Q: 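If you scroll down you'll find the structure; I have some questions about it.
Remember, predicted model here, so these are calculated numbers, not experimental data. Numbers restart at 1 for each chain; the letters A, B, ... are given by sequence-line order, proteins then strands.
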Amino acid sequence: MKAPADSAALPAHARLVARDDVWLEGNAVQQLARVAALPGCVRAVGMPDLHAGRGIPIGAAFAFADRVVPELIGGDAGCGVRLVATSIGRMAPDALERRARQAMDDDPLAECDPRAVFERVWERGARGLAELDGVPEALARLAAAELEDSLRPSGDASPYRAGYEGALGSVGGGNHFLEVARVGALRDPASAKALGLSAGELVVVAHSGSRGLGGALGQRWGGAVLEGDAAEPYLGELAGACRFARANRLLLAYRMLRALGASRASTITGGLDLTHNDVAREAVGGELAWVHRKGAAPARGSDFTVVLGSRGAPSWVMRSCDAEAGLRSVAHGAGRKMGRSEAREKIAARYRRRELVRTELGGRVVCDDPALLLEEHPDAYKPIEPVIESLVEAGLATPVAPLVPVLTVKR
DNA sequence: ATGTCC
């Protein structure tokens, strides 16, 4: 059994955003304290989904005055979530499941030259897909409508030209997924409207990252600590990996939109894309600092952000409060309650196999990996409500609308 | 989280 958190162990410039009713693992808080104590760290914020990683906790943001620490981003650079809002009201569950399976088998880039795919995506991100020869027209239109990726130019691509384009449009393992969800009762109708969300309509949610490419980036920069101009090559390569990850999510969303019959522009009413693992230069305490987000969603300006639930609990679209006290970030999800091996044992004992592919809220699950089906069961996750309330009470974001999972695809 | 290897 995991030990509970002791927040007294934290230094003054570190903070936990979690109500008393949110379970936090002691080891995760120790890791937060350890990173906060690194030279140059001026602020550290642990979110209510904080959990222990390999030395670096996940579900946190760290501000460093004068240096970039690649280890804090880790091997899943650019991981994040894309939301696409549609005007589709309903679809028969059997048909949706069948068409989703089909969409996962079809390769939308089959007609494209793999080298051209890599180059366009590295330099131009999701928008680069629109410029490819052989890309389906509906995907090209979707990609062309993308906002320009971050202004930072991509760095040297040469260490990453190794066949990673084959991973584009793939979900991956762990907590990554591709989902159809239904918009629930609106909490902030004006904000929902601005984002193109209407109660009862379907949305697509893609949570995935840069796959093996991010792993290569993490390996290459290992334990480096980068000050001044020395950070530029890493930041350029990180920008390329983030563009790759965004394009991956666009392709995933396209696949599911096609399954929904919603890939026409007129049925797409809005959307957003958020990166959970990234570094940005932002104002902290009146000075510019390098804000490292590690499993944390940006919540800047009055933009929208998303906190992922589990496949058995709603995700929440929220409106950012631009709160510097939370390093302009929010939790990226509900956070795990059980470790993976613990989940495999307990959940296998609790349910029959056929029960595992249905959820309490009436959703379906498509997952061909029996271990992953257990590891990612909703019972392995914390309840989402105290997580959302923690963010609201801390003044980081306000609720806009819940997204209730209808069909979740893994791997 | 990952690809790869046991």
Side-chain angles (χ1 to χ4, degrees), chain A residues 25 27-28 31 35 47 49-62 69-82 114 118 121-122 159-179 205-223 234 237-238 240-249 251-252 273-279 292-297 308 310-311 331-344 367-377 380-381 408-411:
Chain A
E25 180 194 350
N27 190 29
Q31 290 185 343
V35 175
M47 295 296 166
D49 60 339
L50 188 79
H51 59 283
R54 300 195 333 187
I56 310 294
I58 300 141
F62 305 101
V69 186
E71 193 187 4
L72 298 183
I73 303 307
D76 191 20
C79 166
V81 59
R82 176 182 299 268
F118 179 82
V121 163
W122 180 266
Y160 306 100
R161 285 192 187 99
Y164 296 115
E165 63 280 344
L168 287 168
S170 65
V171 174
N175 60 357
H176 289 170
F177 63 82
L178 174 60
E179 191 164 270
V205 182
H207 179 209
S208 189
S210 53
R211 313 286 269 108
L213 191 155
L217 179 86
Q219 287 274 323
R220 223 169 102 70
W221 292 91
Y234 170 72
E237 291 169 34
L238 176 60
C242 287
R243 290 185 166 99
F244 186 92
R246 280 186 65 148
N248 185 25
R249 291 189 286 275
L251 271 161
L252 284 166
D273 187 282
L274 302 161
T275 302
H276 294 158
N277 296 334
D278 197 6
V279 184
H292 301 64
R293 292 185 176 81
K294 173 66 166 175
L308 301 172
S310 69
R311 65 187 184 229
H332 73 325
R336 295 190 74 87
K337 184 170 68 184
M338 294 179 200
R340 292 185 178 278
S341 55
E342 183 187 3
R344 285 195 298 270
C367 176
D368 300 328
D369 178 339
L372 193 59
L373 191 58
L374 297 167
E375 292 168 9
E376 292 295 318
H377 190 276
Y381 280 83
T408 306
V409 176
K410 309 254 335 153
R411 292 192 77 98

Q: Take the protein atom OH of A:Y164 and the nucleotide atom C1' of B:dT4, then report the distance between them rounded to whole Å.
A: 12 Å
Q: What do you reckon, are the aromatic ring centroids of A:H292 and A:F62 less than 6.0 Å apart?
A: no
Q: To the nearest Å, give me how far apart CD1 (A:I58) and P (B:dT2) are.
A: 12 Å
Q: Measure from CD on A:E71 to P on B:dA1 and round the result to the nearest Å.
A: 17 Å
Q: Would you call the rings of A:Y160 and A:W122 parallel, tilted or perpendicular, taking 30° and 60° as the class edges?
A: parallel
Q: Are any of A:H176's side-chain N or O atoms less than 4.0 Å away from OP1 or OP2 of B:dT2?
A: yes
Q: Quick one: A:R211 CZ to B:dT2 P, roughly how many Å, whole number?
A: 5 Å
Q: Which is true for A:R54 with a 4.0 Å heavy-atom rule: it touches a base, it touches only sugar-phosphate, or it touches nothing?
A: base
Q: In this structure, how many angstroms lie between the C1' atom of B:dA1 and the NZ atom of A:K294, rounded?
A: 8 Å
Q: So that I can tick it off, tell me whether A:R336 and A:E376 are bridged by a salt bridge, with the cut-off set at under 4.0 angstrom between side-chain N and carboxylate O.
A: yes
Q: Under 4.0 Å, counting only non-hydrogen atoms across every strand here, what does A:G212 touch: a base, just sugar-phosphate, or nothing?
A: sugar-phosphate
Q: Can you classify the ring geometry of A:W221 versus A:Y234 as parallel (below 30°), tilted (30 to 60°) or perpendicular (above 60°)?
A: perpendicular
Q: In whole angstroms, how far is the C1' atom of B:dT2 from the CH2 atom of A:W221?
A: 20 Å
Q: Please state how far atom CD1 in A:I56 lies from atom P in B:dT2, giving the value in whole angstrom units.
A: 19 Å
Q: Give the rounded distance in Å between these two atoms: NZ of A:K410 and C1' of B:dT2.
A: 14 Å
